[in-house]
Amino acid sequence: MLVCTLGDALLDVIVRLEQPLAAGDDAIAVTRLEPGGQAANVSAWVVAVGARGRFVGRRGSDEAGRLVTTALERRGVEVLGPPPTGANGVVVSLVEPGGGRTMASDRGVAPDLAPADLDPTWLEGCDWLHIAGYSLLRSPIHAASLAAARLARRGGARVSVDVSSSATVQAYGAARFAQALRELDPDVLFATEPELAVLDGAVSAPVIVVKRGPRGFAVRRGDGSTEDFAALSVDPIDSTGAGDALAAGFLVGGPSLALEAAARCVAKVGAMP
């Protein structure tokens with residue numbers, strides 16, 4: 001199986017706090033640099049759970065872009081896109097004691113991917129095209145996402161979308177984002193409960209995977225049925241990327257593999273395997 005992802009490949013600056021932040025004061029932390037970005041994370045986890053992963057997107061020509069590209073290729077991901085240029089995106093992830101996290105994101109050149117940048121051969125042979133919801137919030141990558149979905153479907157691929165961020169969707173406009181989802185018409189939609197609440201029932205898909213963090217996830221199907229899946233027992237270290245690991249596992253092997261991949265992710269530091 002080949003899963004193609006379209007979106008962002010970012011450099012994650014992970015700050016794991018040993019104690020809560022205090023305004024105007026210092027806090028002990030452990031800091032690491034890791035590759036990240038939702039689309040890149042999913043492609044890396046796809047490979048980790050036994051399938052082929054291919055990332056499509058714009059990357060920077062700076063050191064951050066080179067680090068991310070090398071890290072993806074080292075994990076077995078095929079990295080495709082226009083020639084690198086400009087500044088790569090960087091995300092600062094603050095991981096609280098207990099594993100919860102807050103992120104500050106600079107997406108760099110990732111949103112600059114345009115339909116004219118796409119080479120149809122990049123989408124050939126894929127069974128799934130997974131699109132990060134962030135890619136629907138900016139132009140021209142929004143148009144590139146729609147064009148990529150058309151190309152992938154011509155070859156028989158299915159399309160999945162992860163809503164990505166309730167706050168960002170709310171700032172963008174829930175109605176506008178829901179319209180973008182209707183244009184893409186995904187076969188599978190991944191979303192957290194807050195993301196679905198922001199969209200207020202304005203979206204539908206044959207399968208909706210509701211991500212519930214430490215409570216696991218639910219699968220809602222077009223026939224009205226819902227099935228709940230409890231998270232595997234694990235000592236959480238860092239929840240960064242857990243939803244991306246879950247998505248990768250679900251696309252490759254269904255609910256059981258999704259639970260396994262998510263558990264592996266939260267038991268380590270960093271969003272990638």
Side-chain angles (χ1 to χ4, degrees), residues 3-12 35-46 55-58 89-94 100-113 128-146 148-149 159-200 202-205 207-213 217 239-251 258 261-262 265 271-272:
V3 178
C4 297
T5 67
L6 184 143
D8 42 15
L10 309 175
L11 183 65
D12 282 350
Q38 191 174 73
N41 291 340
V42 173
S43 63
W45 279 103
V46 163
F55 168 83
V56 175
R58 274 198 173 275
V90 177
V91 173
V92 178
S93 180
L94 294 174
R101 59 101 173 95
T102 303
M103 296 188 297
S105 302
D106 172 3
R107 314 214 80 76
V109 297
D112 296 336
L113 184 73
W128 284 97
L129 171 63
H130 182 77
I131 298 174
Y134 295 114
S135 300
L136 305 181
L137 302 171
R138 300 273 294 273
S139 293
I141 195 172
H142 178 180
S145 300
L146 294 173
V159 174
S160 62
V161 177
D162 194 308
V163 174
S164 302
S165 166
S166 58
T168 308
V169 168
Q170 191 166 31
Y172 178 78
R176 291 174 65 196
F177 189 83
Q179 177 58 35
L181 286 178
R182 286 192 288 271
E183 292 172 349
L184 272 174
D185 191 23
D187 299 278
V188 175
L189 179 68
F190 296 92
T192 64
E193 290 171 312
E195 289 161 3
L196 290 176
V198 167
L199 292 169
D200 193 25
V203 296
S204 62
V207 175
I208 299 178
V209 179
V210 186
K211 300 181 292 183
R212 294 172 170 170
F217 64 92
S239 64
T240 306
D244 303 331
L246 185 153
F250 191 89
L251 296 177
C265 186
M272 288 193 183

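Everything numeric in this text was worked out from a predicted model, so none of it was measured.
Between Ile141 and Ala110 the shortest heavy-atom distance is CD1-O, 3.3 Å. Taking every heavy atom of both residues into account, Ala262 and Ala242 meet most closely at CB-O, 4.0 Å. Heavy atoms only, all atoms of each residue included: Cys265 and Gly241 are closest at SG-C, 3.5 Å. When all heavy atoms of Val42 and Ala248 are compared, the closest pair comes out as O-CB, 3.6 Å. Of all heavy-atom pairs between Met272 and Gly36, the closest is CE-N, 3.9 Å. When all heavy atoms of Ala148 and Leu6 are compared, the pair lying nearest together is CB-CD1, 3.6 Å.
By the 4.5 Å heavy-atom criterion applied to side chains, His130 and Val46 are not counted as neighbours. With contacts defined as side-chain heavy-atom distances shorter than 4.5 Å, the pair Phe250/Val207 qualifies. In this structure, the side chains of Phe177 and Val163 come closer than 4.5 Å at one or more pairs of heavy atoms. Side chains of Ser43 and Thr5 form a contact here, defined as non-hydrogen atoms less than 4.5 Å apart. In this structure, the side chains of Val209 and Leu246 come closer than 4.5 Å at one or more pairs of heavy atoms. Side-chain atoms of Tyr172 and Leu136, non-hydrogen and from C-beta on, never get closer than 4.5 Å to each other.
Applying the side chain to side chain donor-acceptor pair (under 3.5 Å) test to Ser145 and every residue at least two apart in sequence or in another chain returns nothing. Residues passing the side chain to side chain contact (heavy atoms under 4.5 Å, CB included) test with Arg212 are Glu193, Val210, Arg215, Ala218, Asp228, sequence neighbours excluded.
Gln179 and Arg182 are linked by a side-chain donor-acceptor pair at a separation below 3.5 angstrom, with hydrogens and angles left out of the test.
The distance from atom CG of Leu189 to atom CG of Leu196, rounded to the nearest 0.5 Å, is 7.0 Å. Here OG of Ser204 is found 8.0 Å from CG of Asp185. Values are rounded to the nearest 0.5 Å. How far CG of Asp244 is from CD of Gln38: 4.5 Å, rounded to the nearest 0.5 Å. Here the CG atom belonging to Leu251 is positioned 14.5 Å from the CH2 atom belonging to Trp45, to the nearest 0.5 angstrom. The distance from atom CZ of Arg107 to atom OG1 of Thr168, rounded to the nearest 0.5 Å, is 7.5 Å. Note that CG of Leu181 and CZ of Arg176 are 13.0 Å apart. Values are rounded to the nearest 0.5 Å.
A donor-acceptor pair is defined here as one N or O able to donate and one able to accept, closer than 3.5 Å; such a pair exists between the side chain of Asp187 and the backbone of Val159. Looking at Thr192, its side chain does come within 3.5 Å of a backbone N or O of Glu195 through a donor-acceptor pair.
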